[in-house]
Amino acid sequence: MGREGITSVIVNHLKLLVGGVQLRDGVVTVSDILGRIFTRAGLHVLAMERGYASTIYGAHQYDPIVVAEEPPVSWGDPEIDILVALDYDSNPDAKEQPNRDTILRHSKYLKDGGLLVYDSSTGDIATDALERRGIKIFPIPARNIARDELKRDVVKNVVTVGALFRLLEFDRDATHLRALLEERFLRKGREIVELNLRAAQRGLEVVESVLKAKSWTDAGYRLEPRPTKGPMLLLSGNDALSIAAIRAGCRFYAGYPITPASAILEFMEEHLPKFGGRAMQGQNERESIRAAIGAAITGVRSMVGTSGPGLSLKVEEFGVSGMSEVPMVIVDTQRAGPSTGMPTKSEQGDLFLVAYGGHGEIPRIVLAPATQEECYTLMIEAHHLADKYQCPVFFLTDLNLSEGRKVVPESFFGQQAVRIDRSTLVRESDLRRDGSYKRFALTPSGISPRLVPGTVGGVIKVTGSEHDERGFVSTDPAIRKAMMEKRARKMEVYLNEDAKPPQVFGKPEGKPVLVGWGSTRPLLQEAQQRLRARGVETAVVHFTHLWPFHTAAAKPLLEKASAVIAVEQNFSGQFADVIQTYCLIPVRRIVKYNGLPIYPSDVVGGVEQILRSGAQHVRVGVEAPAPVKVSEGD
């Protein structure tokens, strides 16, 4: 509104972005406090785009958070209601003002009438252009308050939190904040808790002084606690899949530190020993998967986690797992490649690697969850499938899903009993004592009885070379043919018994169908809603079971569409190629590969371009700078 006052208040629906200097300004600290407290207050939090650099210190970091009364459909577009700039240094000589990195980068996405909260410890900044858009400015000298008044620079972020809570008319008596502070700091002494509460109070007081000076009765946004039926958890995808792995019976995890899979290793190192398991940090990527193979051979459910560069190093072991029929779950938290690529940016570029990677051909299964809930349910399924089919099961997430946080009711994890089926394992009582056991017995299903080494009455031989039914190396053409066909039959059984059809939202008949896989489902559903509001009816067909491709389930759905449009976060449209190959249906593509998430507006714009001009391949995202023209001879 401006200086005259604000006449309407938005309640329990906003998107805020916290930004600052990485590892200095406490971006993660502030967003974590906000996310946890809003969750405990019964609100739904979705924070799926955590932007940070692969450098250790000094780069820009930001964390957008959606807060709503009901679960948000997706993370939405870059537009934000509230911008919180924690960085306090500026360059008065810069051409573009206000020269605060967070404000320069993100104020263009701040909605007219939104809020800007910034650290004014080094002085006020020029905000005339923002104020002309009706944006309300709240300078908070958080660093000065912490350093000069409270004598503890570390509490500057709590000053900002207190200011935000006052702006949002939330937790005015500091009940939620006190509870969180006591959980974190009471062991260090009551005085630490009280110091942080005084910091929050000072932030509140500064906001009230600004409101009074501007004659504003409120800031235009309010968050109100809502009752919940039970505890709510703010979980990342890595958290959810790690919990599921333990519940599914995984008792050995091996990994090597790599973004964004490191959090899985840290979780497992902390929690797996409580359940009789062990987590191991290998000296390198190949050692970690070899250790997991060794553990799996002994009968232990095993898992290994990595990202693209580490996965590339493990390719030879894919073949070992497939040839020796050792069950294993391999988590690939995809990031932008190739090579080192962009370690802290998300992408869906590894599908071909997990589906085809390696010399020769092996049975393998590829799953890709869309949400934190599916990270949990599909991980349980992944361990079951690995055990049943005695092959590697690849579990594809991406950086945004791996590190993104979402509110999930604690009751969700108790909705289904976890049944651990190990029926393919041979027990001592099952063995005949005449030496007739064959580890790689030719069976109609291709699934052979599996023996744990050391079981009395049985002999097991494991090799990565081609072998006969007992595991002895062989190059006999007939044996080779029989063994290749035996291993392939397992995937035929999988497609008939366990492969899930795609999820369908809407009716595909005669409409454009948006096809996605992995974490794109929420944004496709929001894009579908926006297109409907514009008079364009679409359907969404989303895949979680990617490989072997379930042609019998997919083709009848897709061939009904007026146009099949695959939406992917890679350059070429890898899954679109899979669909075209197996369904013999032309697939148009909307792709994004600049490191930022796909936004619903990207999809809406891409679909409209395809329907308007017949475009086959739409590339969305920030345009590349125009090449510099150099005349010949320069």
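Throughout, residue positions are numbered sequentially from 1 according to the sequence presented. As a basis for the values below, the full set of heavy atoms in this structure was taken, side chains included, without hydrogen atoms, waters or symmetry mates.
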How long is the gap from [atom1] on [X] to [atom2] on [Y], to the nearest 0.5 Å?
X	Y	atom1	atom2	value
Arg450	Gln390	CZ	CD	6.0 Å
Met303	Ile289	CE	CD1	12.5 Å
Ser307	Gln334	OG	CD	8.0 Å
Ile246	Leu241	CD1	CG	10.0 Å
Met328	Ile293	CE	CD1	4.0 Å
Met280	Leu272	CE	CG	13.0 Å

Exercise for review: Determine the interplanar angle of the Phe575 and Phe549 rings, folded into 0 to 90°, and report it as parallel if under 30°, tilted if 30 to 60°, perpendicular if over 60°.
Suggested key: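 Perpendicular.
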
Practice item. Could you check whether the rings of His271 and Phe267 sit parallel, tilted or perpendicular, using 30° and 60° as the cut-offs? Key: tilted

Between [X] and [Y], is there a donor-acceptor pair closer than 3.5 Å when you use the side chain of the first and the backbone of the second?
X	Y	value
Arg405	Ile65	no
Asp63	Ser31	no
Ser402	Gly237	no
Ser465	Thr463	no
Arg589	Ser572	yes
Tyr253	Gly305	yes
Arg422	Asp387	no
Gln574	Leu351	yes
Gln22	Ala59	no
Ser613	Ile610	no

Sequence neighbours excluded, which residues qualify as salt bridge (charged side-chain N to carboxylate O under 4.0 Å, His left out) partners of [X]?
X	result
Glu269	none
Arg247	none
Glu485	Lys481
Arg588	none

Over 12 non-hydrogen atoms of neighbours within 6.0 angstrom of [atom1] in [X]:
X	atom1	result
Gln415	CD	yes
Glu361	CD	no
Arg286	CZ	yes

Check your understanding: Can you name the one residue among Arg301, His383, His384 that meets side-chain contact (heavy atoms from CB on, under 4.5 Å) with Ile420?
Key -> Arg301

**Study point:** Between Asp421 and Ser423: side-chain donor-acceptor atoms closer than 3.5 Å
**Key:** yes

Review point. Would you say the side-chain atoms of Glu49 and Tyr599 include a donor-acceptor pair closer than 3.5 Å?
Key: yes

Please find the pair of heavy atoms, one from [X] and one from [Y], that lie closest to each other, and give the distance.
X	Y	answer
Lys15	Pro64	CE-CB, 3.9 Å
Ile590	Val603	CD1-O, 3.9 Å
Ile579	Leu558	CG2-CD1, 3.7 Å
Val587	Ala576	CG1-CB, 3.6 Å
Asp332	Gly308	OD1-N, 3.6 Å
Ser321	Pro392	OG-CD, 3.3 Å

What donor-acceptor contacts under 3.5 angstrom involve side-chain atoms of residues 340-350, with partners at least two apart or in another chain?
| residue | atom | partner | partner atom | Å |
| --- | --- | --- | --- | --- |
| Thr344 | OG1 | Tyr52 | O | 2.6 |
| Ser346 | OG | Asp398 | OD1 | 3.3 |
| Ser346 | OG | Leu399 | N | 3.3 |
| Ser346 | OG | Asn400 | N | 3.4 |
| Gln348 | OE1 | Gln569 | N | 3.0 |
| Gln348 | NE2 | Trp517 | O | 2.9 |

Which residues satisfy the ring pair (Phe, Tyr, Trp, His ring centres under 6.0 Å) test with [X], sequence neighbours excluded?
X	result
Phe252	none
His467	Phe440
Phe394	Phe318

Would you give me the side-chain donor-acceptor pairs under 3.5 Å for residues 363-370, sequence neighbours excluded?
| residue | atom | partner | partner atom | Å |
| --- | --- | --- | --- | --- |
| Arg364 | NE | Ala355 | O | 3.4 |
| Arg364 | NH1 | Val354 | O | 2.9 |
| Arg364 | NH1 | Gly357 | O | 3.0 |
| Arg364 | NH2 | Gly357 | O | 2.8 |

Exercise for review: Check step by step if side chain to side chain contact (heavy atoms under 4.5 Å, CB included) holds for Met491 and Cys391.
Suggested key: CA-CA 10 Å; Met491 295 300 91; Cys391 71; 4.2 Å; yes

Practice item. Could you list all the side chain to side chain donor-acceptor pair (under 3.5 Å) pairs where at least one residue sits in residues 495-514, not counting sequence neighbours? Key: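 Pairs touching residues 495-514 that pass the test: Glu374-Gln503, Glu381-Lys500, Lys388-Glu497, Lys388-Asp498, Tyr389-Asp498, Gln503-Arg521.
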
Point to revise | Residue pair Gln529 / Pro600, side-chain heavy-atom distance below 4.5 Å | key: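 No; the side chains remain at least 4.5 Å from each other.
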
Exercise for review: Taking the side chain as every heavy atom from C-beta outward, state whether Val27 and Tyr62 have any pair of such atoms under 4.5 Å apart.
Suggested key: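 No - every pair of side-chain heavy atoms lies 4.5 Å or more apart.
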
Practice item. State whether Asp239 and Lys406 are salt-bridged, where the test is any N-O pair (Lys NZ or Arg NE/NH1/NH2 against Asp/Glu carboxylate O) under 4.0 Å. Key: no

Practice item. Using the ring pair (Phe, Tyr, Trp, His ring centres under 6.0 Å) rule, collect all pairs that involve residues 354-381, keeping only residues at least two apart or in two chains. Key: Phe352-Tyr356, Tyr356-Trp547, Tyr376-Phe412, Tyr376-Phe413

Review point. Mind checking what makes side chain to side chain donor-acceptor pair (under 3.5 Å) contact with Glu285, not counting sequence neighbours?
Key: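 Glu285 satisfies side chain to side chain donor-acceptor pair (under 3.5 Å) with Thr306, Lys314 once adjacent residues are dropped.
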
